[in-house]
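Accompanying notes for the structure given below.
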Amino acid sequence: MKIAIGADHAGYRLKDVIVPYLESLGHEVKDVGCNCEQSVDYPDYAVPVCDMVLNGQADKGILICGTGIGMTIAANKMPGIRCALVHDMFSAKATREHNDTNVLAMGERVIGPGVAQEIVKIWIETEFSHGERHENRLKKVKLLEEKNTIHP
Ligand code: RB5
């Protein structure tokens with residue numbers, strides 16, 4: 001699988017653990033940065049990761065900041081992105097099965113690298129539970145997106 005990944009200054013250390021972990025699982029990783037302590041703005045890294053997911057350069061995206069919250073907010077402003085903030089294994093599985101999330105967000109200041117690796121593995125390997133129930137709900141989410149998108 002092709003995975004795009006990005007982080008801000010509060011998340012890049014965890015990104016540097018997740019990137020080789022994904023590669024060890026056989027995935028192709030596209031790392032958009034950042035790679036430094038210097039303060040940066042999380043939307044600047046959320047956007048290129050989400051763009052890659054939306055244009056097919058990546059199958060899924062992973063975003064990391066201090067809490068994961070800023071990345072989640074920014075990512076979910078982009079029509080077509082369903083980003084979940086996940087800090088436990090149950091939610092990692094449930095958000096793929098129920099919400100078909102295409103971007104995962106985590107907070108480096110919230111969880112340790114071991115839990116983060118488990119979350120990533122579960123989230124990547126869990127399939128969406130196709131079926132009327134979940135698909136109907138996602139259709140309603142898409143209608144909301146369309147209603148709130150200005151088409152030039
Ligand atoms: C950076 O200090 C921090 O605000 C950012 O990484 C993130 O947690 C925002 O939601």
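One-based numbering, in listed order, for ligands and for the atoms of each.
Taking CD of E146 as the reference point, atom CG of L144 lies at 10.0 Å (rounded to 0.5 Å). For the atom pair CD1 (I81) and CG (D51), the distance works out to 8.0 Å, reported to the nearest 0.5 Å.
Taking 4.5 Å as the limit, every side-chain heavy atom of H134 sits out of range of all side-chain heavy atoms of D100.
The side-chain contact (heavy atoms from CB on, under 4.5 Å) test with E108 singles out one residue from I64, V17, I18, and that residue is I64.
Cluster membership for M89 and V86, using ILVMFWY side-chain heavy atoms within less than 4.5 angstrom, is shared.
Taking K77 as the reference, I73 meet the side-chain contact (heavy atoms from CB on, under 4.5 Å) condition, with sequence neighbours excluded.
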Can you list every pair where an N/O of ligand 1 is under 3.5 Å from an N/O on the protein?
| residue | atom | partner | partner atom | Å |
| --- | --- | --- | --- | --- |
| ligand 1 | 2 (O) | R109 | NH1 | 3.4 |
| ligand 1 | 6 (O) | D8 | OD2 | 2.6 |
| ligand 1 | 6 (O) | G66 | N | 2.8 |
| ligand 1 | 8 (O) | G66 | N | 3.3 |
| ligand 1 | 8 (O) | T67 | N | 2.9 |
| ligand 1 | 8 (O) | T67 | OG1 | 3.0 |
| ligand 1 | 10 (O) | T67 | OG1 | 3.3 |
| ligand 1 | 10 (O) | G70 | N | 2.8 |

